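This report refers to the structure that appears directly beneath it.
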Amino acid sequence: MFAKDALKELAKEDLMAGREKVIQYLSEYAVFYDTEVYLIFDAYHVKGNPGTKQRFGKNLELIFTKEGESADFTLTKMAKEFSEKGRAVSIVTSDQAVQVQAFSGKGVSRYSSREFYGILEEMRRQISEMEL
C-alpha cells in the first residue's frame, strides 16, 4: 500500500479503503495473468487474533497473520513451501532483509513494492488498450 503516494495517502485516511484498493489491483492482476496471488496483511499486534484467510475469486487469497506472527514470517514460510514443491514463486516486499536473507539462491523472483506497482500500471494500461 505504500508503494505509491496516492495509495499511501488513502491508507492514512482510511486503512480499509487502502486495503480494498490493493485487493482490487491484485484481483485484476490474478485474473489478467491467470495466477495465484496471496496478499498478506500483518496482524502481529492484534490481541487474540487467530489469523484469517479469505478468497476473492479463484486466484486471490487474503491472509491476516495471527497474533505474534509477522507478515514477513508468513511470506517467508509460504514462499519456501511453494518453492520446495517446485512451484514458481514471486514475492513482493520492500523489506530488503526479507528479500536477501530469506530467498537468496532459492529460485524465487523478488520485486520491491515500487517495482511491482510499475507492473500493475503496465497491466492496467494493457487492459485499457484492449477495451478500446
Side-chain angles (χ1 to χ4, degrees):
M1 282 193 299
F2 303 107
K4 197 71 171 170
D5 288 340
L7 279 175
K8 186 186 298 186
E9 290 304 313
L10 178 60
K12 280 183 186 177
E13 292 174 24
D14 183 349
L15 182 60
M16 202 58 212
R19 287 179 173 166
E20 287 171 0
K21 185 59 77 175
V22 171
I23 291 167
Q24 174 193 336
Y25 289 162
L26 292 180
S27 183
E28 291 170 0
Y29 178 88
V31 169
F32 188 78
Y33 290 106
D34 192 25
T35 191
E36 290 181 51
V37 174
Y38 298 87
L39 174 59
I40 305 169
F41 287 116
D42 199 317
Y44 186 93
H45 296 290
V46 179
K47 294 283 185 213
N49 182 31
T52 59
K53 295 180 180 183
Q54 183 179 357
R55 294 291 292 174
F56 288 85
K58 70 174 192 161
N59 292 356
L60 176 61
E61 186 169 313
L62 172 63
I63 299 168
F64 282 91
T65 65
K66 62 185 177 182
E67 178 186 8
E69 188 172 288
S70 71
D72 290 337
F73 174 80
T74 302
L75 171 69
T76 302
K77 182 173 72 172
M78 289 176 68
K80 182 179 183 223
E81 289 171 5
F82 289 163
S83 65
E84 286 174 352
K85 291 178 182 175
R87 295 175 66 181
V89 176
S90 297
I91 64 160
V92 178
T93 180
S94 290
D95 185 323
Q96 289 188 343
V98 172
Q99 287 183 1
V100 174
Q101 293 172 0
F103 301 105
S104 284
K106 292 187 173 66
V108 176
S109 301
R110 299 176 300 274
Y111 301 95
S112 72
S113 299
R114 288 196 185 278
E115 288 172 318
F116 191 72
Y117 194 84
I119 292 168
L120 290 175
E121 286 179 323
E122 174 60 21
M123 175 203 69
R124 298 188 95 213
R125 185 192 62 75
Q126 290 178 32
I127 290 170
S128 51
E129 284 180 1
M130 291 168 36
E131 293 173 348
L132 294 178

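Throughout, residue positions are numbered sequentially from 1 according to the sequence presented. Not measured: the values here are computed from a predicted model.
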Return the minimal non-hydrogen interatomic distance between [X] and [Y], and the atom names on each side.
X	Y	value
Ile23	Leu60	O-CD2, 3.7 Å
Thr65	Asn49	O-ND2, 2.7 Å
Phe73	Ser70	N-OG, 3.0 Å
Phe41	Ala71	C-CB, 4.3 Å
Thr93	Ile91	CG2-CD1, 3.9 Å
Glu69	Asp42	O-OD1, 3.9 Å

Strictly below 4.0 Å, N to O, side chains only: are Arg125 and Glu129 in salt-bridge contact?
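Salt bridge present between Arg125 and Glu129.
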Answer yes when Arg124 and Glu121 have at least one side-chain N-carboxylate O distance shorter than 4.0 Å, and no when they do not.
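No, this pair does not count.
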Centres of the Tyr25 and Tyr29 rings: under 6.0 Å?
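No - the distance between ring centres of Tyr25 and Tyr29 does not fall below the 6.0 Å cut-off.
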Residue from Val92, Leu75, Asp72 passing side-chain contact (heavy atoms from CB on, under 4.5 Å) with Ile40:
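Among Val92, Leu75, Asp72, the one meeting side-chain contact (heavy atoms from CB on, under 4.5 Å) with Ile40 is Leu75.
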Are [X] and [Y] connected, step by step, through hydrophobic side chains (Ile, Leu, Val, Met, Phe, Trp, Tyr) whose heavy atoms are closer than 4.5 Å?
X	Y	answer
Leu120	Leu62	yes
Leu15	Tyr44	no
Val31	Phe56	no

pair [X]-[Y]: side-chain heavy atoms closer than 4.5 Å:
X	Y	value
Phe64	Lys53	no
Val46	Glu67	no
Tyr117	Leu7	yes
Ile63	Met78	yes
Met123	Ile119	no
Leu10	Lys21	yes

Tell me whether the count of non-hydrogen atoms from other residues, nucleotides or ligands lying under 6.0 Å of CZ in Phe82 goes above 12.
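More than 12 within 6.0 Å, yes.
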Show, in sequence, the C-alpha distance, side-chain angles and deciding distance for Ser113 and Phe116, and conclude whether the side-chain contact (heavy atoms from CB on, under 4.5 Å) test is met.
CA-CA 5 Å; Ser113 299; Phe116 191 72; 5.9 Å; no
Using the salt bridge (Lys or Arg N to Asp or Glu O under 4.0 Å) rule, take Lys77 and Glu81 through it: C-alpha gap first, then chi angles, then the decisive distance, then the call.
CA-CA 6 Å; Lys77 182 173 72 172; Glu81 289 171 5; 5.4 Å; no
Looking only at side-chain N and O atoms, does Glu20 offer a donor or acceptor that is under 3.5 Å from a partner on Gln24?
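Absent: no donor and acceptor within the cut-off.
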Hydrogens and angles aside, do Glu36 and Tyr38 bring a side-chain donor and acceptor to less than 3.5 Å of each other?
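Judged by distance alone, the side chains do pair up.
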Would Asp34 and Lys58 count as a salt bridge (Lys or Arg N to Asp or Glu O under 4.0 Å) here? Give the steps.
CA-CA 9 Å; Asp34 192 25; Lys58 70 174 192 161; 3.6 Å; yes
At what distance, to the nearest 0.5 angstrom, does CD of Glu122 lie from CD1 of Ile127?
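Atom-to-atom, Glu122:CD and Ile127:CD1 are 10.5 Å apart.
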